[in-house]
Amino acid sequence: MKLFIKTIPALFFIMFLLSCKKEKAEQVSYSDKNGVEYSSEKDARIQQYNLDRQKKLAANRYSCDTLSLKEYILNHYPIGTYLLNSDKTFNYSIPKPAVIYYDQDKRYIFCVIAKSREGERLIEPTNIIGYDQSFIDLDSTELGTAFFYLTLFRCFNDTFEEIWEASIPSHGGFNTISYKRWNKQNIPYIEVNFHYGRGSGHINYNYFLLDDISNKPHLLMTYKGISSKRTIANIDDDEYPDYYEYIYYDLGDRVYSKDSVAFIWKRNDNVYVNTRNHKQTRLY
């Protein structure tokens, strides 16, 4: 009987702790579901408010400028779609919009857009831009799933016309967008660079403008990491870029590359083919 009396306070204390934990969990769940990331209306209002502030502070405006493009995307694309900024070069630098005006007349505009996956919470640009955000795939859908696109717009009569939209096969870690030229064949391409934290390196999605700019580009992926590397190459001397895949050896105390395999583009099959093993193919 004495033992039973002594255990009563301990039982009450345990029950009190369990009730507190349950109440705390319910409160967190309730507040999370009422956040901006779960409300398309709140998200749209905040985007519009920030855009109006930027328009008031802008010194020089012109037809189809970046602010106009942001407003067009806000008004014509599904909620949860964002025109992205490039990653900051330094901690206190101002991020630049991921936009390239192709010609002097600024009629054609390349940009990187991110869309939220339907049925999930809305993405937040801060969760998909930068080195730390290249690990977002490990978070499942806790922060929403982002779908990236390289998009070409044409400025026409002070508004925008989408020419094409090309998927970027990544979900986080966006860094920069840049215009480059493949010197081997003098072909221009748009390089979209992503951080790759798990590989201690980066990934480039290279969109080659092989024909007219209005045609959807050809995608070739290259990368460089601590134990991986792929570089652009001209192997069969056609207009399509090829690549070398480097083979790495891990000896425990050091990692090095001593061999490489060539992949060439097979236009009829729309795949890259390993020149040593034709059964091994890659889409990009």
Side-chain angles (χ1 to χ4, degrees), residues 35-37 42-77 79-116 122-136 139 143-144 146-153 155 158-160 162 165-166 168 170-180 188-197 200-207:
V36 175
E37 63 273 20
K42 292 179 181 178
D43 180 78
R45 287 200 300 268
I46 291 175
Q47 284 196 69
Q48 188 63 59
Y49 174 81
N50 291 335
L51 182 60
D52 291 340
R53 291 286 298 171
Q54 292 173 348
K55 289 162 67 174
K56 288 180 180 180
L57 297 173
N60 299 313
R61 298 292 309 278
Y62 54 87
S63 177
C64 296
D65 61 3
T66 303
L67 293 179
S68 299
L69 181 57
K70 283 185 177 181
E71 190 165 37
Y72 180 85
I73 292 172
L74 176 61
N75 294 331
H76 293 85
Y77 280 73
I79 294 297
T81 303
Y82 308 94
L83 175 65
L84 295 184
N85 289 327
S86 295
D87 191 18
K88 295 188 295 183
T89 306
F90 305 102
N91 287 336
Y92 300 103
S93 61
I94 299 175
K96 297 180 180 179
V99 173
I100 295 175
Y101 285 89
Y102 184 71
D103 53 0
Q104 290 184 345
D105 296 332
K106 299 182 177 180
R107 292 178 301 165
Y108 292 96
I109 307 105
F110 293 97
C111 63
V112 177
I113 293 175
K115 300 180 181 181
S116 302
L122 300 179
I123 61 172
E124 300 174 50
T126 55
N127 289 335
I128 58 176
I129 300 172
Y131 176 83
D132 291 339
Q133 282 62 42
S134 66
F135 296 92
I136 195 171
D139 294 332
L143 299 175
F147 292 98
F148 291 86
Y149 297 90
L150 174 66
T151 308
L152 175 64
F153 289 99
C155 179
D158 296 330
T159 188
F160 296 92
E162 182 185 300
E165 181 181 74
I168 303 173
S170 185
H171 295 296
F174 174 64
N175 185 21
T176 59
I177 177 177
S178 55
Y179 173 83
K180 295 189 175 182
Y189 66 96
I190 304 297
E191 178 190 274
V192 185
N193 178 275
F194 278 74
H195 298 285
Y196 183 49
S200 300
H202 65 267
I203 299 175
N204 290 329
Y205 299 99
N206 309 290
Y207 293 85

S.K.: More than 12 non-hydrogen atoms from neighbouring residues, nucleotides or ligands closer than 6.0 Å to CG on L57, yes or no?
M.R.: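 Yes, because the 6.0 Å sphere around CG of L57 holds more than 12 heavy atoms from other groups.
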S.K.: Strictly by salt bridge (Lys or Arg N to Asp or Glu O under 4.0 Å), give each pair with a member in residues 83-100 just once, sequence neighbours left out.
M.R.: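 Every candidate salt bridge (Lys or Arg N to Asp or Glu O under 4.0 Å) pair involving residues 83-100 fails, so no pair, neighbours aside, qualifies.
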S.K.: In terms of the angle between their ring planes, are Y72 and H76 parallel, tilted or perpendicular, with boundaries placed at 30° and 60°?
M.R.: parallel
S.K.: Given 3.5 Å as the limit, does a donor-acceptor pair link the side chain of H195 with the main chain of S134, or not?
M.R.: no
S.K.: Testing the basics here: between I129 and N85, what is the closest heavy-atom pair and its distance to 0.1 Å?
M.R.: CD1-O, 3.3 Å
S.K.: Within a strict 4.5 Å, meaning less than it, do heavy atoms of the N206 and I190 side chains meet?
M.R.: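 A side-chain contact is absent here, since even the closest heavy-atom pair is not under 4.5 Å.
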S.K.: For the residue pair Y77 and E162, confirm or rule out a side-chain donor-acceptor distance under 3.5 Å.
M.R.: yes
S.K.: Holding to salt bridge (Lys or Arg N to Asp or Glu O under 4.0 Å), I want the full list of residues that pass it with K70, two or more places apart in sequence or in another chain.
M.R.: none
S.K.: Drop me the distance from Y205's OH to E191's CD, to the nearest 0.5 angstrom.
M.R.: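 Going from OH on Y205 over to CD on E191, the span is 12.0 Å.
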S.K.: Check the pair Y101 / T66 against side-chain contact (heavy atoms from CB on, under 4.5 Å), numbers first and verdict last.
M.R.: CA-CA 10 Å; Y101 285 89; T66 303; 3.7 Å; yes
S.K.: Looking at Y62, I'd like to know if its OH atom is crowded, meaning that more than 12 non-hydrogen atoms belonging to other residues, nucleotides or ligands lie closer than 6.0 Å.
M.R.: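 Atom OH in Y62 is packed in, count exceeds 12.
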S.K.: Please report the closest heavy-atom contact between Q133 and N127, naming both atoms and the distance.
M.R.: CG-O, 2.9 Å
S.K.: Compare every heavy atom of A114 with every heavy atom of I123, then report the nearest pair and how far apart it is.
M.R.: CD1-CB, 3.9 Å
S.K.: Any side-chain donor-acceptor pair under 3.5 Å between Q54 and N50?
M.R.: no
S.K.: Go through the steps for I100 and C111 under the test side-chain contact (heavy atoms from CB on, under 4.5 Å), then give the verdict.
M.R.: CA-CA 6 Å; I100 295 175; C111 63; over 6 Å; no
S.K.: Without swapping roles, check the side chain of T176 against the backbone of S86 for a donor-acceptor pair under 3.5 Å.
M.R.: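 Flag not set: sc T176 to bb S86 has no pair under 3.5 Å.
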S.K.: Using 0.5 Å steps for rounding, measure from the CD atom of E71 to the CZ atom of F160.
M.R.: 9.5 Å
S.K.: Strictly distance-based, threshold 3.5 Å: is any side-chain N or O of S116 a donor or acceptor partner for the main-chain N or O of G80?
M.R.: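 Judged by distance alone, yes, a pair lies under 3.5 Å.
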S.K.: Could you grab the distance from atom CD1 of I94 to atom OG1 of T89, nearest 0.5 Å is fine?
M.R.: 11.5 Å
S.K.: Which pair of non-hydrogen atoms, one from P188 and one from Y179, has the smallest distance, and what is that distance?
M.R.: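 In terms of heavy atoms, the two residues are closest at CB-OH, 3.2 Å.
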S.K.: Side chains of D43 and Y82: donor-acceptor distance under 3.5 Å anywhere?
M.R.: yes
S.K.: What is the minimum heavy-atom distance between R107 and I109, and which atoms define it?
M.R.: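 Heavy atoms only, the tightest pair is O-CD1, 3.8 Å.
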S.K.: Atom CG of L143 and atom NE2 of H171: how far apart are they, to the nearest 0.5 Å?
M.R.: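 One gets 13.5 Å once the value is rounded to the nearest 0.5 Å.
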S.K.: Can you measure from CD (E165) to OG1 (T151) and round to the nearest 0.5 angstrom?
M.R.: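 So the gap between those two atoms works out to 4.5 Å.
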S.K.: Counting C-beta onward and ignoring hydrogens, is there a side-chain heavy-atom pair between N193 and I203 closer than 4.5 Å?
M.R.: no
S.K.: Under the side-chain contact (heavy atoms from CB on, under 4.5 Å) criterion, do V112 and I168 qualify, and how do the steps go?
M.R.: CA-CA 9 Å; V112 177; I168 303 173; 4.3 Å; yes
S.K.: Do Y108 and F153 have their ring centres less than 6.0 Å from each other?
M.R.: no
S.K.: Once you round to the nearest 0.5 Å, how far does CG of N75 lie from CG of L51?
M.R.: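 CG of L51 is found 8.5 Å from CG of N75.
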S.K.: Output, in order, the C-alpha distance, side-chain angles, deciding distance and verdict of ring pair (Phe, Tyr, Trp, His ring centres under 6.0 Å) for F148 and F194.
M.R.: CA-CA 11 Å; F148 291 86; F194 278 74; 5.1 Å; yes
S.K.: Output all residues satisfying side-chain hydrogen bond (donor to acceptor under 3.5 Å, both in side chains) with S68, sequence neighbours left out; order by chain, then residue number.
M.R.: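 Once residues adjacent in sequence are excluded, the partners of S68 under the side-chain hydrogen bond (donor to acceptor under 3.5 Å, both in side chains) criterion are R61, D65.
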S.K.: Would you tell me whether Q48 and D52 have side-chain atoms, one donor and one acceptor, within less than 3.5 Å of each other?
M.R.: yes
S.K.: What are the two closest non-hydrogen atoms of D158 and S63, and how far apart are they?
M.R.: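 Result for this residue pair: OD1-OG, 2.6 Å.
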S.K.: Given V192 and N204, is the side-chain contact (heavy atoms from CB on, under 4.5 Å) satisfied, shown in steps?
M.R.: CA-CA 6 Å; V192 185; N204 290 329; over 6 Å; no
